Asker: 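Below: one structure in C-alpha cells.
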Amino acid sequence: MKPDDFSLLATLLKDQSGLVLTTDKVYLLESRLMPVARQYGMKSLEELAQAIRQKKDSRIVPAVVEAMTTNESLFFRDMKPFDQLKRLVLPKLMATRQSTKRIRIWSAACSSGQEPYSIAMMLREEKATFGAWKIEMLATDLAQNMIDRAKEGVYSQFEVQRGLPITMLVKYFKQEGDKWRADPSLRENIQFRVYNLLHDLSPLGQFDVVFCRNVLIYFDQPTKGKVLEAIAKRMAPDGVLYLGGAETVLGISDKFQPIPGERGLYGLTAAVTAAKTAAAPTTPPINSAAGGR
C-alpha cells in the first residue's frame, strides 16, 4: 500500500472512531477493507482511497469505519465483571436508591450485543433480588451493522458456544435452523442505539454503571483521556466504570480511581464525587470505606 493511501485511511479512522493504526497494521487494513472495496466495485485499496478522496459515494466512509471497528464479542466475557455486578455493584446501588428503585447501565461499544444480553440474563436469573427494580440498559456501538445485529438478537452456533452456559442457552434462546434467537423479553429494558464515543455524550443522560471494556486499548493516550473525561461527566457520583483487563485509568485520567480488590472496576475520585455531590446530593461512592472491601 502506498504511504499516502495508508496515511489517508489511518487519519480517517482516527478522526471518525479514535482507532489508532500504525504502519505494522497494514495487513489489518488489507484483510478488513478489501471486502469493502469489492462491495463498491473496486479491485484494490488504492482505488478505495481514491474514491474517498474524491467523495464518490457517501456510503464508503461509514462502511470503512464499520469494517475496521467491528470487534470480537462473546457472552459473559471474562465472567468476573458480571459476578462483581451481581455481588457488589448492584446491591450497593440499590441500598442508595430505595426511593426511586431505578438504575441505569450503559454498555458502550456493545458490538453485536453479547454484553447487554449477558447482563439481562444475569438479572433474570436473580429476579428474586432485582425483579422489583427498574434496571434500564443503553447499548451503543459506532457501527450500524452491529446495532442491527444486536437488535435482532440472532447468533450462530459458534457464537452461543462462546461463554454462554447451555442452561441459559436453552432457557433464553430459541433455535431457528442453525441459528439461535434471544427471547424478546431480554430486550424489554435494553435500548440499542448507534453512538460514537468521541461525540458529545450529554444526550445519553446519567448512568450508574458504565461498561466500556476493551475499547480504550485501540485509542492513543489523548483520546483515552478525552473519552474517560466524557464518561466521568455522565456518571452518578457513586457510579462505577468497567474497563477491560488490559486497560487502566492510571496515568491517563484523574477522574477515576481503582476500587480496591476489584480488578477492572473503577469509581470516581473523591474530588469528582464531592463536586457532583455538591451539585446533586447523594450517598458515598462504592469505592468509599463503606462500600469497598
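Keep in mind the model is a prediction, meaning the values are calculated, not measured. Values below: every heavy atom of this structure, side chains too, minus hydrogens, waters and symmetry copies.
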Asker: Is any side-chain heavy atom of Trp106 closer than 4.5 Å to a side-chain heavy atom of Ile231?
Answerer: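 They are in contact (side-chain heavy atoms under 4.5 Å apart), so the answer is yes.
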
Asker: Can you tell me how far CD1 of Ile147 sits from OG of Ser111, rounded to the nearest 0.5 angstrom?
Answerer: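 Here the interatomic distance stands at 9.0 Å.
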
Asker: Let's go through Glu229 and Arg234 carefully: what are the C-alpha distance in whole Å and the side-chain angles of both, what is the deciding distance for salt bridge (charged side-chain N to carboxylate O under 4.0 Å, His left out) to 0.1 Å, and is it a yes or a no?
Answerer: CA-CA 9 Å; Glu229 173 90 15; Arg234 306 285 14 112; over 6 Å; no

Asker: When you measure from the side chain of Glu126 to the backbone N and O of Leu123, does any donor-acceptor pair fall under 3.5 Å?
Answerer: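 Not at all, since once roles are kept as given, no pair shorter than 3.5 Å links the two residues.
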
Asker: When you compare the side chain of Val61 with that of Gln16, does any pair of heavy atoms fall below 4.5 Å?
Answerer: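 They are in side-chain contact.
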
Asker: Testing the basics here: between Asn189 and Ile135, what is the closest heavy-atom pair and its distance to 0.1 Å?
Answerer: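 For Asn189 versus Ile135, the nearest heavy atoms are CB-O, 3.4 Å.
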
Asker: When you measure from the side chain of Ser7 to the backbone N and O of Pro3, does any donor-acceptor pair fall under 3.5 Å?
Answerer: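 Flag not set: sc Ser7 to bb Pro3 has no pair under 3.5 Å.
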
Asker: Just jot down the side chain to side chain contact (heavy atoms under 4.5 Å, CB included) partners of Asp5, sequence neighbours excluded, or say none.
Answerer: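 Checked Asp5 against side chain to side chain contact (heavy atoms under 4.5 Å, CB included); matches are Met1, Lys2, Glu46, Ala49, Arg53.
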
Asker: Taking all atoms of both residues into account, what is the closest heavy-atom pair of Gly225 and Ile252, and its distance?
Answerer: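 Closest approach of Gly225 to Ile252: N-CG2, 3.6 Å.
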
Asker: Report the C-alpha separation of Leu88 and Leu265 in whole Å, then their side-chain angles, then the decisive distance to 0.1 Å, and conclude whether the side chain to side chain contact (heavy atoms under 4.5 Å, CB included) test is met.
Answerer: CA-CA 11 Å; Leu88 173 67; Leu265 195 57; 4.1 Å; yes

Asker: Hey, could you give me the CG/OG distance between Leu74 and Ser118, rounded to the nearest 0.5 Å?
Answerer: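 One finds 8.0 Å between CG of Leu74 and OG of Ser118.
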
Asker: Please check if the number of heavy atoms outside Lys134 that lie under 6.0 Å from its NZ is greater than 12.
Answerer: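 No, because the 6.0 Å sphere around NZ of Lys134 holds 12 heavy atoms or fewer from other groups.
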
Asker: Before we go on, tell me: are the rings of Tyr27 and Phe6 under 6.0 Å apart, centre to centre?
Answerer: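 Not close enough - the centres of the two rings lie 6.0 Å or further apart.
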
Asker: Measure from the side-chain N and O atoms of Gln191 to the backbone N and O of Leu138, and report whether any donor-acceptor pair falls under 3.5 Å.
Answerer: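 No, because the side chain of Gln191 does not come within donor-acceptor range (under 3.5 Å) of the backbone of Leu138.
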
Asker: Any Lys/Arg nitrogen of Arg97 or Asp208 sitting under 4.0 Å from an Asp/Glu carboxylate oxygen of the other?
Answerer: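 Salt bridge flag = yes for Asp208 with Arg97.
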
Asker: Which residues pass the ring pair (Phe, Tyr, Trp, His ring centres under 6.0 Å) test with Tyr218, sequence neighbours left out?
Answerer: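 Scan of Tyr218 (ring pair (Phe, Tyr, Trp, His ring centres under 6.0 Å), adjacent residues dropped) gives none.
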
Asker: Hey, could you give me each pair passing salt bridge (charged side-chain N to carboxylate O under 4.0 Å, His left out) that has a residue in residues 107-122? Not counting sequence neighbours.
Answerer: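 Residue pairs passing salt bridge (charged side-chain N to carboxylate O under 4.0 Å, His left out), neighbours aside: Glu115-Arg213.
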
Asker: Salt bridge check, Lys171 against Glu125: does any charged N sit closer than 4.0 Å to a carboxylate O?
Answerer: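 Here Glu125 pairs with Lys171 in a salt bridge, since their nearest N and O are under 4.0 Å apart.
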
Asker: Between Val210 and Val240, is a side chain to side chain contact (heavy atoms under 4.5 Å, CB included) present by the stated rule, with each step listed?
Answerer: CA-CA 6 Å; Val210 177; Val240 298; over 6 Å; no

Asker: Would you give the length of the straight line joining atom CD1 of Ile259 to atom CZ of Phe256, rounded to the nearest 0.5 angstrom?
Answerer: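 Here the interatomic distance stands at 10.5 Å.
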
Asker: Is Asp220 salt-bridged to Lys14, cutoff N-O under 4.0 Å?
Answerer: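 Salt bridge flag = yes for Lys14 with Asp220.
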
Asker: Does a salt bridge link Lys80 with Asp78, judged by any charged N lying under 4.0 Å from a carboxylate O?
Answerer: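 No, this pair does not count.
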
Asker: Is it the case that the side chain of Gln98 and the backbone of Met94 share a donor-acceptor pair, with hydrogens and angles ignored and the cut-off at 3.5 Å?
Answerer: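 The answer is yes, because a donor-acceptor pair under 3.5 Å joins these two groups.
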
Asker: Which residue is it: Trp180, Phe173, Tyr117? I am looking for the one with a ring pair (Phe, Tyr, Trp, His ring centres under 6.0 Å) to Phe75.
Answerer: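 Exactly one option meets the ring pair (Phe, Tyr, Trp, His ring centres under 6.0 Å) with Phe75, and it is Phe173.
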
Asker: Atom CZ of residue position Arg181 - does it have more than 12 heavy atoms of other residues, nucleotides or ligands inside 6.0 Å?
Answerer: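 It does: Arg181 CZ has more than 12 such atoms within range.
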
Asker: Is any side-chain heavy atom of Met42 closer than 4.5 Å to a side-chain heavy atom of Ser44?
Answerer: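 No, every pair of side-chain atoms sits at 4.5 Å or beyond.
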
Asker: Is any side-chain N of the basic residue among Glu262 and Arg87 closer than 4.0 Å to the acidic one's carboxylate O?
Answerer: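 A salt bridge links Glu262 with Arg87.
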
Asker: Taking Thr248 for its side chain and Leu250 for its backbone only, find out whether a donor-acceptor pair lies under 3.5 Å.
Answerer: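 Answer holds: yes.
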
Asker: Answer whether the closest heavy-atom distance between the side chains of Asp183 and Lys174 falls below 4.5 Å.
Answerer: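 Of all side-chain heavy-atom pairs linking Lys174 with Asp183, none is under 4.5 Å.
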
Asker: Check whether Met122 and Trp133 end up in the same hydrophobic cluster, where Ile, Leu, Val, Met, Phe, Trp and Tyr are linked by side-chain heavy atoms less than 4.5 Å apart.
Answerer: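 Shared cluster, yes.
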
Asker: Considering the options Tyr266, Phe207, Phe211, which one meets the ring pair (Phe, Tyr, Trp, His ring centres under 6.0 Å) requirement together with Tyr242?
Answerer: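 The passing option is Phe211.
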
Asker: Ile217 and Lys224: side chain to side chain contact (heavy atoms under 4.5 Å, CB included), yes or no, with the steps?
Answerer: CA-CA 8 Å; Ile217 53 176; Lys224 290 177 183 178; 5.8 Å; no

Asker: Given the rule that I, L, V, M, F, W and Y join up when any side-chain heavy atoms are under 4.5 Å apart, are Val20 and Val227 in one cluster?
Answerer: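 No; tracing contacts between hydrophobic side chains, which count when under 4.5 Å, never links both residues.
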
Asker: What heavy-atom pair brings Cys212 and Leu197 nearest, and what distance separates the two atoms?
Answerer: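 Shortest heavy-atom contact: SG-CD1, 4.2 Å.
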
Asker: Write down the atom of Tyr155, the atom of Ala150, and the distance for their closest heavy-atom approach.
Answerer: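 Answer, listing the atom of Tyr155 first, then Ala150: OH-CA, 4.4 Å.
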
Asker: What pair of heavy atoms forms the shortest contact from Leu186 to Ala120, and how long is it?
Answerer: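 Where Leu186 meets Ala120 most closely, the heavy atoms are O-CB, 3.7 Å.
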
Asker: What salt bridge (charged side-chain N to carboxylate O under 4.0 Å, His left out) pairs are there with at least one residue in residues 138-158, not counting sequence neighbours?
Answerer: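 Non-adjacent pairs meeting salt bridge (charged side-chain N to carboxylate O under 4.0 Å, His left out): Arg149-Glu159.
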
Asker: For residues Leu9 and Ile52, determine if any side-chain heavy atom of one lies less than 4.5 Å from a side-chain heavy atom of the other.
Answerer: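 Side-chain contact under 4.5 Å: yes.
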
Asker: Under a 4.5 Å cut-off applied to non-hydrogen side-chain atoms, are Met68 and Leu21 in contact?
Answerer: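 Result yes, sub-4.5 Å side-chain heavy-atom pair found.
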
Asker: So which atom in Pro116 and which in Phe192 form the shortest heavy-atom distance, rounded to 0.1 Å?
Answerer: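 What the structure gives for the nearest pair is CG-CE2, 3.9 Å.
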
Asker: Under the ring pair (Phe, Tyr, Trp, His ring centres under 6.0 Å) rule, collect the residues that match up with Phe82, sequence neighbours excluded.
Answerer: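 Checked Phe82 against ring pair (Phe, Tyr, Trp, His ring centres under 6.0 Å); matches are Phe76.
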
Asker: Between the side chain of Gln84 and the main-chain N/O of Arg263, is any donor-acceptor distance below 3.5 Å?
Answerer: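 Yes: the side chain of Gln84 pairs with the backbone of Arg263.
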
Asker: Can you tell me how far the CG atom of Leu241 sits from the CD atom of Gln257, to the nearest 0.5 Å?
Answerer: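 Here the interatomic distance stands at 12.0 Å.
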
Asker: Are the side chain of Glu247 and the backbone N or O of Val215 linked by a donor-acceptor pair below 3.5 Å?
Answerer: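 Yes; at least one donor-acceptor contact below 3.5 Å.
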
Asker: Run the side chain to side chain contact (heavy atoms under 4.5 Å, CB included) test on Cys110 and Met146 for me, step by step, so that the C-alpha distance in whole Å, both residues' side-chain angles and the decisive distance to 0.1 Å come before the verdict.
Answerer: CA-CA 8 Å; Cys110 71; Met146 288 292 100; over 6 Å; no

Asker: Is there a side-chain hydrogen bond (donor to acceptor under 3.5 Å, both in side chains) between Arg124 and Ser185? Walk through the geometry before answering.
Answerer: CA-CA 10 Å; Arg124 289 284 296 275; Ser185 65; 2.6 Å; yes

Asker: Can you find a pair of side-chain heavy atoms, one from Leu29 and one from Leu13, that are under 4.5 Å apart?
Answerer: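 Answer yes - side chains close enough.
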
Asker: I'd like to know if the side chain of Thr11 reaches the main chain of Leu8, judged simply by a donor and an acceptor atom lying under 3.5 Å from each other, with no hydrogens or angles considered.
Answerer: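 Flag not set: sc Thr11 to bb Leu8 has no pair under 3.5 Å.
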
Asker: I need the full list of salt bridge (charged side-chain N to carboxylate O under 4.0 Å, His left out) pairs touching residues 104-113, with sequence neighbours left out, sorted by first then second residue.
Answerer: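 Qualifying pairs: Arg104-Glu136.
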
Asker: Run the side-chain hydrogen bond (donor to acceptor under 3.5 Å, both in side chains) test on Gln221 and Thr223 for me, step by step, so that the C-alpha distance in whole Å, both residues' side-chain angles and the decisive distance to 0.1 Å come before the verdict.
Answerer: CA-CA 5 Å; Gln221 291 289 92; Thr223 305; over 6 Å; no

Asker: Transitively linked via ILVMFWY side-chain contacts under 4.5 Å: Val26 with Leu12?
Answerer: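 As far as the 4.5 Å side-chain criterion goes, Leu12 and Val26 are connected within one cluster.
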
Asker: Evaluate the side-chain proximity of Leu268 to Asp238: yes if any heavy-atom separation is below 4.5 Å, no if none is.
Answerer: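 The answer is no, as the side chains (C-beta and beyond) never meet within the 4.5 Å cut-off.
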
